[in-house]
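What follows is a short report on a single structure.
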Amino acid sequence: QVQVVESGGGLVQPGGSLRLSCAASGSIFSMTAMGWYRQAPGKQRELVAGITSGGSTNYADSVKGRFTISRGNAKNTVYLQMNSLKPEETAVYYCYAVSKSTPTSHEGVFWGQGTQVTVSS
């Protein structure tokens, strides 16, 4: 199995910044992609940003130019730098990891427990 652990959430004022961290560990032969989703109260979970093993990134239109996803120096870690945060971005942010446990296994998608981000004055 793969464990995914997020950290870095908290309370921030509108216009402020936060950096989320995510680390995946366990039965990982290869990592295909990692990234972040978020879910606000009463809303569906939505993709925020993702990054592949090759370094390709994708972002939700609403966060382009303000959020940056990057890979850490440590293996199987990613960061989400969030700038100019808005109150409507208050949500639980979930990290995901897409990986294989062996060279021939199917990819699995693994999720963290989520970290709360609250944007409020």
Side-chain angles (χ1 to χ4, degrees):
Q1 275 293 352
V2 175
Q3 295 78 44
V4 179
V5 179
E6 308 102 332
S7 62
L11 173 64
V12 63
Q13 291 188 339
S17 299
L18 274 178
R19 190 175 85 149
L20 304 183
S21 302
C22 176
S25 62
S27 301
I28 301 172
F29 171 76
S30 63
M31 185 68 72
T32 302
M34 295 182 73
W36 297 89
Y37 275 70
R38 65 187 177 191
Q39 188 166 20
K43 294 189 176 181
Q44 289 190 326
R45 192 174 293 193
E46 62 173 356
L47 175 68
V48 178
I51 186 165
T52 69
S53 58
S56 297
T57 59
N58 63 296
Y59 296 92
D61 287 343
S62 61
V63 307
K64 285 179 181 177
R66 298 185 298 117
F67 289 14
T68 303
I69 188 169
S70 61
R71 292 181 295 186
N73 290 329
K75 200 173 181 181
N76 301 328
T77 60
V78 292
Y79 302 103
L80 184 67
Q81 177 67 42
M82 305 185 293
N83 299 327
S84 302
L85 282 159
K86 305 174 182 179
E88 55 265 36
E89 294 179 309
T90 293
V92 178
Y93 285 68
Y94 297 91
C95 180
Y96 70 88
V98 182
S99 67
K100 288 185 174 183
S101 59
T102 72
T104 57
S105 65
H106 293 292
E107 290 178 340
V109 183
F110 303 92
W111 294 89
Q113 292 297 308
T115 185
Q116 176 70 45
V117 172
T118 301
V119 186
S120 175
S121 55

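In this chain, residues are counted from 1 in sequence order.
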Carefully, step by step, assess E6 and Y93 under the rule side-chain contact (heavy atoms from CB on, under 4.5 Å). CA-CA 9 Å; E6 308 102 332; Y93 285 68; over 6 Å; no
Gap separating the [atom1] atom of [X] from the [atom2] atom of [Y], nearest 0.5 angstrom:
X: S62; Y: E88; atom1: OG; atom2: CD; answer: 9.0 Å
X: R19; Y: S7; atom1: CZ; atom2: OG; answer: 9.0 Å
X: E107; Y: S101; atom1: CD; atom2: OG; answer: 11.0 Å
X: S27; Y: Q3; atom1: OG; atom2: CD; answer: 7.5 Å

Taking all non-hydrogen atoms of both residues into account, name the closest pair between [X] and [Y] and its distance.
X: T77; Y: A23; result: CG2-CB, 3.9 Å
X: V4; Y: A97; result: CG2-CB, 4.1 Å
X: A49; Y: L80; result: CB-CD1, 4.1 Å
X: Q39; Y: A91; result: O-CB, 3.4 Å
X: A24; Y: V2; result: CB-CG1, 4.3 Å
X: R66; Y: S84; result: NH1-O, 2.9 Å

Check the hydrophobic clustering (I, L, V, M, F, W, Y; side-chain heavy atoms under 4.5 Å; chains of links allowed) and say if [X] and [Y] are grouped together.
X: Y79; Y: L85; result: no
X: V98; Y: I28; result: no
X: L20; Y: F110; result: yes
X: Y94; Y: V48; result: no

Using side-chain contact (heavy atoms from CB on, under 4.5 Å), reason through N58 and L47 one step at a time and then give a plain yes or no. CA-CA 9 Å; N58 63 296; L47 175 68; 3.1 Å; yes
Quick check: do [X] and [Y] have side-chain heavy atoms less than 4.5 Å from each other?
X: M31; Y: S99; result: yes
X: M82; Y: W36; result: no
X: K100; Y: S105; result: yes
X: S120; Y: L11; result: yes
X: P14; Y: V119; result: yes
X: R38; Y: V63; result: yes

Between F67 and Y59, does the ring centroid distance fall short of 6.0 Å?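 Aromatic pair excluded; centres sit 6.0 Å or further apart.
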Does the pair S17 and N83 meet the rule for a side-chain contact (heavy atoms from CB on, under 4.5 Å), with working shown? CA-CA 4 Å; S17 299; N83 299 327; 2.9 Å; yes
Over 60° means perpendicular and under 30° means parallel, so classify the ring planes of W111 and Y37, tilted if in between.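 Perpendicular: the ring planes of Y37 and W111 meet at over 60°.
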So, the side chain of T57 versus the backbone of I51: is there a donor-acceptor pair under 3.5 Å, distance only?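 No, T57 side chain to I51 backbone: no donor-acceptor pair under 3.5 Å.
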For atom CD of E46, is the number of surrounding heavy atoms from other residues, nucleotides or ligands below 6.0 Å larger than 12?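 Yes.
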